[in-house]
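Report on the structure given below.
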Amino acid sequence: QVQLVESGGGLVQAGGSLRLSCAASGRTFSRYVMGWFRQAPGKEREFVAAISSRGGSTYYADSVKGRFTISRDNAKDTVYLQMNSLKPADTAVYYCAARRGVVAGSALNEYDYWGQGTQVTVSS
């Protein structure tokens with residue numbers, strides 16, 4: 001079992017920045033691919049970003065490419081999502097997810113463990 005706890009969400013104006021954190025516990029963090037997903041009201045959960053188990057490769061949704069950066073610190077068992085140039089369309093609950101493996105992926109059903117989510121609201 002892997003437990004994931006997100007933090008760092010909040011209310012920000014358009015154009016602003018936030019950094020989300022996800023602390024993991026329970027298993028060897030460096031053996032897990034980590035991903036961020038989001039779900040806006042009335043919409044399906046969607047992929048945002050993923051990072052390989054050792055952090056050597058990253059993968060982003062087109063909608064956030066160039067604005068968001070995913071990173072990880074395996075010594076701290078934590079993955080981050082730096083979000084810059086935020087838009088109202090980025091408003092959603094953001095979820096951290098984990099799966100065993102090496103290569104980052106974007107499919108929801110590939111991920112075995114999920115956090116409880118953190119709300120991000122971007123005002124216009």
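Heavy-atom basis, side chains included; hydrogens, waters and symmetry copies ignored.
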For the pair [X] (side chain) and [Y] (backbone), establish whether a donor and an acceptor sit closer than 3.5 Å, ignoring hydrogens and angles.
{"X": "Arg67", "Y": "Ser85", "value": "yes"}
{"X": "Asn74", "Y": "Ser53", "value": "yes"}
{"X": "Glu46", "Y": "Phe37", "value": "no"}
{"X": "Thr118", "Y": "Gly9", "value": "yes"}
{"X": "Thr78", "Y": "Lys76", "value": "yes"}
{"X": "Gln39", "Y": "Val93", "value": "no"}

Where [X] and [Y] come nearest, the two heavy atoms and their spacing:
{"X": "Gly56", "Y": "Ser52", "value": "N-OG, 3.1 Å"}
{"X": "Ala40", "Y": "Ala92", "value": "N-CB, 3.8 Å"}
{"X": "Pro88", "Y": "Ser124", "value": "CG-CB, 3.9 Å"}

Answer with yes or no whether the hydrophobic clustering places [X] together with [Y]; edges join I, L, V, M, F, W, Y residues whose side-chain heavy atoms lie under 4.5 Å apart.
{"X": "Val2", "Y": "Leu20", "value": "yes"}
{"X": "Val12", "Y": "Val64", "value": "yes"}
{"X": "Val79", "Y": "Tyr94", "value": "yes"}
{"X": "Tyr80", "Y": "Val120", "value": "no"}
{"X": "Leu4", "Y": "Val33", "value": "no"}

Checking side-chain contact (heavy atoms from CB on, under 4.5 Å) for the pair Thr121/Gln119: CA distance, chi angles, key distance, verdict?
CA-CA 6 Å; Thr121 303; Gln119 177 70 47; 3.3 Å; yes
Which pairs with one or both residues in residues 13-124 pass disulfide (SG to SG under 2.5 Å), sequence neighbours excluded?
Cys22-Cys96
Give, for atom [atom1] of [X] and atom [atom2] of [Y], the distance between the pair rounded to the nearest 0.5 Å.
{"X": "Tyr111", "Y": "Arg99", "atom1": "OH", "atom2": "CZ", "answer": "5.5 Å"}
{"X": "Asp90", "Y": "Arg38", "atom1": "CG", "atom2": "CZ", "answer": "5.0 Å"}
{"X": "Tyr60", "Y": "Ile51", "atom1": "OH", "atom2": "CD1", "answer": "7.0 Å"}
{"X": "Ser71", "Y": "Gln82", "atom1": "OG", "atom2": "CD", "answer": "8.0 Å"}
{"X": "Asp77", "Y": "Ser25", "atom1": "CG", "atom2": "OG", "answer": "8.0 Å"}

Whether Lys65 and Asp62 form a salt bridge (side-chain N of Lys/Arg under 4.0 Å from carboxylate O of Asp/Glu) is what I want to check.
yes
Relative to each other, are the rings of Phe47 and Tyr59 parallel, tilted or perpendicular (30° and 60° limits)?
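Phe47 and Tyr59: tilted rings.
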Determine whether more than 12 heavy atoms belonging to other residues, nucleotides or ligands lie under 6.0 Å from atom CZ of Arg31.
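Result for CZ/Arg31: open.
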ring-ring contact (aromatic ring centres under 6.0 Å, His included) involving Tyr113 - partner list, sequence neighbours excluded:
none
As a quick check of understanding, evaluate side-chain contact (heavy atoms from CB on, under 4.5 Å) for Tyr95 and Gln116, giving each step before the final call.
CA-CA 7 Å; Tyr95 297 90; Gln116 82 289 349; over 6 Å; no
Identify whether NZ of Lys or CZ of Arg in Arg72 sits under 6.0 Å from the centre of the six-membered ring of Phe29 and within 45° of that ring's axis.
yes
Classify the side-chain pair Ser17/Asn84 by whether it contains a donor and acceptor separated by less than 3.5 Å.
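Note: Ser17 and Asn84 side chains meet the donor-acceptor criterion.
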Begin with the C-alpha distance, continue with both residues' side-chain angles, and end with the deciding distance and a verdict on side-chain contact (heavy atoms from CB on, under 4.5 Å) for Arg45 and Leu108.
CA-CA 8 Å; Arg45 194 171 298 189; Leu108 272 73; 3.7 Å; yes
Go through the steps to decide whether Leu81 and Val48 satisfy the test side-chain contact (heavy atoms from CB on, under 4.5 Å), and finish with yes or no.
CA-CA 9 Å; Leu81 186 68; Val48 175; 4.1 Å; yes
